[in-house]
Amino acid sequence: MSNEVAQESSRSGIIVAAAITVVALSFFAVLLRLISRLAIIRRSSLDDLFIIVAWLIALAMSISICLGTHYGLGKHDQYIHLDWRGALNRLQYIFSVLYNPALMATKTSILIFYLTLTSATRRFFRLATITILVVVNVAGCVLTVLNIIQCLPINAAFQYPQPSGAKCISILNLSLASAPVNIITDLAILFLPLPIFTCLSIPRKQKITLVFIFATGIFVTVVDVVRIAYLQQASQMGLHWGNLKDTQDNNMVDQNFFWYTSQAHMWSIVEVNIGITCACIPTLKPVVSWAACHLPLRGWLRTPRQEPLSTSRQQFEMQGLGSAMEWLEDTTFDGRSNGHTDNRTESQAEYLPQSLQSDIDTAAAQSQGTGYFDFVGSANLKSIIDLSTKESIRPLIIINTLCFIIGFAEGNLWDLTCKFRVLSEMTQLEIRVTYALYYWGYFVAPVTFGWVVLRKYSFKATIIMGLCIYSCGILIFWPSAVLGSLPAFMISNLIVGTGIATLEMGMNPFVALCGRPEFPEARLNFSYFVRGLGGTIAQFVVRQPFFGSLGDPRTLVITQWVYLGLAVLCIASMLVFYYLPLPDATDEDLANHSSGWGSVGNSKIGPFSVTYVALALGITTQLCYKPVESSIGIIEIAYMNSLTRAGAQACFTGGRLVAAITMVFLKHRHVLAFCQFAGLAAAIAAFRADRKSIVVDTMLVQFFISPIYPTTMGICLRGLGSRIKPASVLIIAASSSAAIVISVLGILLDRGTCRRAWLLMIGLLIPMIVFPLYLNLAPAARKQVDPVQHKQPQVSR
């Protein structure tokens, strides 16, 4: 009777069946690939070797898991004999060590295959592929080493009972911590070739077929997410969960460890083997072509309008894009299914892959020549400053939708910071370092890659780059939540800050330039309002359902799915944004245009150009503004609860909406002057207020100072012509000053009062008054920044 109960409560049968099925599937995929390459084409490459290595490692993994079921994997502890424990631990150890090398070999094979798809003309694609290849192998090697030395001494990982004094990290935590790397590289490999294929000048049917074949990799990501779900379930169902910083216990000593983790192991086997199968699919066209002509079922592949495929060895051996592009030959060459006639001869049809190679190279040359970052005919789009009011509505809607998504993610990240601070028992110094690292991202992005991308490519390329970095920063939350790792949490904040800074470098000048030249400041304020609205909604609506109580450490793991959803949302936005035909402006357009964005002339104040004086004062204002904004955030954490913090965020957001509306009727320099003087007065009131009224005064300060940043950005860009892009980079870089001021502010708060902190902010607000005074009192400055009379845009000759 006990044996029957053990059988009913065992998952061994399901695990073995799943392992055998997926291993057989991947075996046949690899076998057909080798037949295609070695027997038909008679040409192999390095990617074939890596896929063979990946399959051999996957086979070893599957054998270890199947043997593990014999010794108790998938059973409760009461049904596992003590004599089996040693063998079971050894098999578990082998499996955990082999998992990352299997993924690494599979992804390396795919990426080497990508490098054969295009010639050197597509330099960006090749550089991105090589970068991902390096990331995959470096991360895979690091994770493999961590799994090898999961216990010190190493042999403690597979001994039972575990030797006294051995120190081990949690296998479950380590697996969950590696999840962001797997998901990021999976998505990168999935999306990387799609722009190449979608820009080809081929019939739509063939293009869809090719994209579908390469998009089968999405199944690997889906399986990976399912695996992570079971890992998370195993980490919560009766297993060890102490202090978040405690990683000195091995989960294998926990009760029913091999029962709870068995499903995660099974899905790991499925993930690896499905990945190998998907990696082989693009190489199978020669086998399919041979089967279409030599097997009795070839009639199924004919239609009255189709001719059979040519399968001459000369065709298979020709140079070009390789077997992946041979999928595009389709089963017809007359083109009638696409509504047009193709007059190519049969001999010309045999060289179709070479023509496709030419299409890719030609598309690459055209995209490099236009200076735009589109594959949707951007060369035919108007310059952004040539758009009429009606034509500018659509691009602005797209950008503002993106602003809402970013703000929504920021609102969730803010709540996460508060939760992590409580659960990990962060000190005040650690909190300040975390915020400082976020603002250091505003320095890292402009001075490294941000300026290069903005100047060499476009606003669109910069925004896409920012979304990519931002998504990676969100996903890196997983290791910090699972491991309770403060360094990982700080790194994620730095990456998120870098992503936000990159996004602002692309979006701010785009919004300022897109539309009537009278209202760039109003448009920027409205865009920042939409972004703040997303953050406010996140704090009011999403916080309680998803984040729950601050006292439960398990909710940090649960919120992984919130952040996975946010990352996927940002990645989906990036993909959609890539294909949208957004306008741009070259430096020549900006320099020669006469609608208010070109140079206003040689007006000077003393020996300096009036435009550069305004830019210098604007940068000085931003140097002071961001520290004030970030300092108020630190004070909110110290003196406000979650509800009043959300109210302060709403005031901050509402101030920008009011400013945007007001600027339609009043001059923006007047609005800027009022906001700065009112903000200074509110800060003085907060300095003198008691603890009860300081909350209201803080909200007033946020309401009045909120329009300063976007308004200053819009004013500084006027009259700079071709120097608009470098000016926007400098303004963004100035925001990094908050990283320094936060440290000083923290020292003041440590002394038990916020009066000195407010005194510091007052000292920062006073120099900011110089800018609006200059704009309102200097005639040359007024001429530069006052709204021009709207007229149809025209380019001066």
Side-chain angles (χ1 to χ4, degrees), residues 20-60 62 102 105-119 193 197 206 209-210 212-214 216-217 220 272-302 306-333 346-357:
I20 293 174
T21 300
V22 294
V23 167
L25 179 65
S26 63
F27 170 75
F28 284 111
V30 173
L31 179 63
L32 292 175
R33 175 183 181 134
L34 296 179
I35 292 173
S36 173
R37 292 292 180 90
L38 301 179
I40 300 178
I41 298 179
R42 294 186 178 178
R43 184 178 69 247
S44 62
S45 58
L46 191 59
D47 58 314
D48 299 317
L49 175 62
F50 274 99
I51 206 68
I52 293 172
V53 172
W55 187 82
L56 291 175
I57 297 174
L59 177 63
S62 302
T106 304
K107 295 176 182 179
T108 299
S109 174
I110 296 172
L111 292 167
I112 292 175
F113 176 66
Y114 281 1
L115 291 175
T116 66
L117 295 181
T118 60
S119 64
F197 301 142
Q206 296 176 358
T209 301
L210 182 64
F212 176 77
I213 289 168
F214 278 83
T216 53
V220 181
V272 170
N273 285 278
I274 290 297
I276 294 172
T277 303
C278 292
C280 293
I281 290 176
T283 67
L284 302 183
K285 176 62 192 304
V287 174
V288 175
S289 299
W290 183 90
C293 290
H294 294 86
L295 295 182
L297 297 178
R298 64 186 181 188
W300 290 14
L301 301 177
R302 291 174 180 262
Q306 290 177 334
E307 298 296 331
L309 282 166
S310 171
T311 56
S312 63
R313 178 161 287 127
Q314 182 183 23
Q315 176 182 352
F316 289 129
E317 292 178 350
M318 63 185 175
Q319 300 297 320
L321 289 176
S323 57
M325 287 303 176
E326 288 170 4
W327 282 104
L328 293 175
E329 294 176 22
D330 208 341
T331 57
T332 177
F333 295 113
E346 184 177 353
S347 62
Q348 289 172 325
E350 290 182 349
Y351 293 94
L352 181 59
Q354 287 184 343
S355 68
L356 289 173
Q357 176 70 64

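Being a predicted model, the structure only gives us computed values, none of them experimental. Along the sequence shown, residues carry numbers from 1.
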Quiz item: What's the shortest heavy-atom distance between V220 and C278, and which atoms?
Solution: CG2-SG, 4.2 Å
Quiz item: Which heavy atom of S36 sits nearest a heavy atom of P286, and at what distance?
Solution: OG-CG, 3.1 Å
Quiz item: Any side-chain heavy atom of F113 within less than 4.5 Å of one from I51?
Solution: no
Quiz item: Nearest 0.5 Å, what's the OG1-CG distance between T116 and L111?
Solution: 11.0 Å
Exercise. Taking all heavy atoms of A279 and all of R33, pick out the closest pair and write down the distance.
Key: O-NH1, 3.2 Å
Quiz item: Any side-chain heavy-atom pair from W55 and V23 closer than 4.5 angstrom?
Solution: yes
Quiz item: Does any non-hydrogen side-chain atom of L34 lie less than 4.5 Å from one of I52?
Solution: yes
Quiz item: Is T277 reaching over with its side chain to a backbone N or O of N273, donor-acceptor style, under 3.5 angstrom?
Solution: yes
Quiz item: With a 4.5 Å limit on heavy-atom distance, are the side chains of S45 and D48 in contact?
Solution: yes
Quiz item: Which atoms form the tightest heavy-atom contact between S26 and I276, and what is the distance?
Solution: CB-CG2, 4.1 Å
Exercise. Would you sort out whether R37 and D47 count as a side chain to side chain contact (heavy atoms under 4.5 Å, CB included), showing the intermediate values?
Key: CA-CA 11 Å; R37 292 292 180 90; D47 58 314; 3.7 Å; yes
Quiz prompt | Minimal non-hydrogen separation, L284 against A29, with atom names | solution = CD2-O, 4.1 Å
Quiz item: Can you check side chain to side chain contact (heavy atoms under 4.5 Å, CB included) on I274 and L25, steps first, answer last?
Solution: CA-CA 8 Å; I274 290 297; L25 179 65; 4.1 Å; yes
Quiz item: Which heavy atom in V287 sits nearest to a heavy atom in L32, and how many Å separate them?
Solution: CG2-O, 3.4 Å
